Every structure is written in C-alpha cells, then in structure tokens.
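Indexing begins at 1, ligand by ligand and atom by atom, following the structure's order. All of these numbers come straight from a predicted model, not from anything done at the bench.
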Amino acid sequence: MRLRLDAGDITQLYVDAIVNAAKKSLLGGGGVDGAIHRAAGPELLEECKTLGGCETGEAKITKGYDLPAKHVIHTVGPVWHGGDENEAELLASCYMNSLQLAEQQGLRSIAFPCISTGVYGYPKQQAAAIAVSVCKMFTSNAQSLKEIIFSCYDDESLAIYRQLLTDS
Ligand code: ADP
C-alpha cells in the first residue's frame, strides 16, 4: 500500500475512484464538485439524482462516465463552524467511509481532494492531519486498495501534505 501526492487536477487521474467533496443534495456545486461534473459529463448528474442525497460524513459511489477514473465516490464534508460541532469526527468519517466503500467494491486505487478546505472553510493543516492519519490507519486493514493519492490543488496544501507524509 502506497500513499502519494499529486499536484494537479483530480479529474485527470487514471484511478479506480476519485472522491468528490460533494454537497448533501449530490446535485453538483462549485469547486472540485463542479470540475468533476464538468469532466464526467451529464450522465453523472443523472445517476446522482437517483441516490437521494448524502449525509455529512457519509459516502456514495457512482460510475465515472467520461472521466479517466472508473468511479466517483461522493462524500459530504463538514462545514467548519470553529471546531466545536463535531467537524473533526465528521471529516474523519468522510475518509473512512470512502475507503470502506472502495474496499467493498474491490478497488485498487483512490484519490482524495482536500475535503472541506475550500468553500466549507476547514483549516487546511488540521484537515490534512486528519486525512493522513485516517488513511495511514486504514493501510493496515486494506485488502484490495494498493494506492491512496492526495490531490493537492494549491501550493499550500501540497506543502502541508508533503510535510505530513515526510514526518510520519
Ligand atoms: P468544500 O466545499 O468541501 O470545501 P471545495 O471544492 O470548495 O470543497 O474545495 C475542496 C478542495 O478541493 C480545495 O482544497 C480546492 O482547492 C480543491 N480543488 C478544487 N478544484 C479541484 C480540482 N479540480 N482537483 C483537485 N482539487 C480541487
């Protein structure tokens, strides 16, 4: 099992699943969500409409359609309210539930964006520490998964993840 960084656009990755930082409705939005829907094409929205939304911290899977990725795992990150509203547990659940779903489907590779750190306002360093610790913990139970990629779209996130992966 390998953990690695990618500095580019998550929609360009050839992996078994990319994770979408979605909204509860699963009907599309801005940021990475918008980029994924644009790259996947309109059939992704059609499948999302059948899923009945998604609660914060949970995850649902669809096909990848026009993406190079075979699947999209949609998870809903918490909105940052200062840290006293269960944000850390909910963010950890996003990573854990996405990884479990990937394992249930027998997937070999998965790429995560920096969930909640855009419009949802989660501090980047704290969010990255949760992402890396949950994924590291998971590596000991992993069966099918061989590679987890952290897609860092901005330089600040890239530097934070680089440090975390070097230190641990
Ligand atoms: P949230 O609502 O969960 O905060 P956003 O989409 O606003 O979601 O931001 C989450 C993260 O995704 C941010 O760090 C943002 O820089 C990053 N991001 C935006 N577009 C892309 C992309 N195409 N590939 C990878 N990461 C992206």
> Any donor-acceptor pair under 3.5 Å linking the side chain of Ser157 with the backbone of Tyr153?
Replying inline: no
Side-chain atoms of residues 9-16: list all donor-acceptor pairs with protein atoms under 3.5 Å, sequence neighbours left out, distances to 0.1 Å.
from	atom 1	to	atom 2	distance (Å)
Asp9	OD1	Thr11	N	2.9
Asp9	OD1	Thr11	OG1	2.9
Asp9	OD2	Thr11	OG1	3.0
Asp16	OD1	Lys70	NZ	2.8
Asp16	OD2	Arg108	N	2.7

> Shortest non-hydrogen contact from Ala131 to Tyr161?
Replying inline: CB-OH, 3.4 Å
> Do His74 and Thr62 have a side chain donor and acceptor closer than 3.5 Å?
Replying inline: yes
> Would you call Arg4-Glu147 a salt bridge at under 4.0 Å N-O?
Replying inline: yes
> Under a 4.0 Å heavy-atom cut-off, what residues line ligand 1?
Replying inline: Asp9, Ile10, Ala21, Gly31, Val32, Ala35, Cys114, Ser116, Thr117, Gly118, Val119, Tyr120, Ser151, Tyr153, Asp154
> Is there a donor-acceptor pair closer than 3.5 Å between any side-chain N or O of Glu87 and the backbone N or O of Glu85?
Replying inline: yes
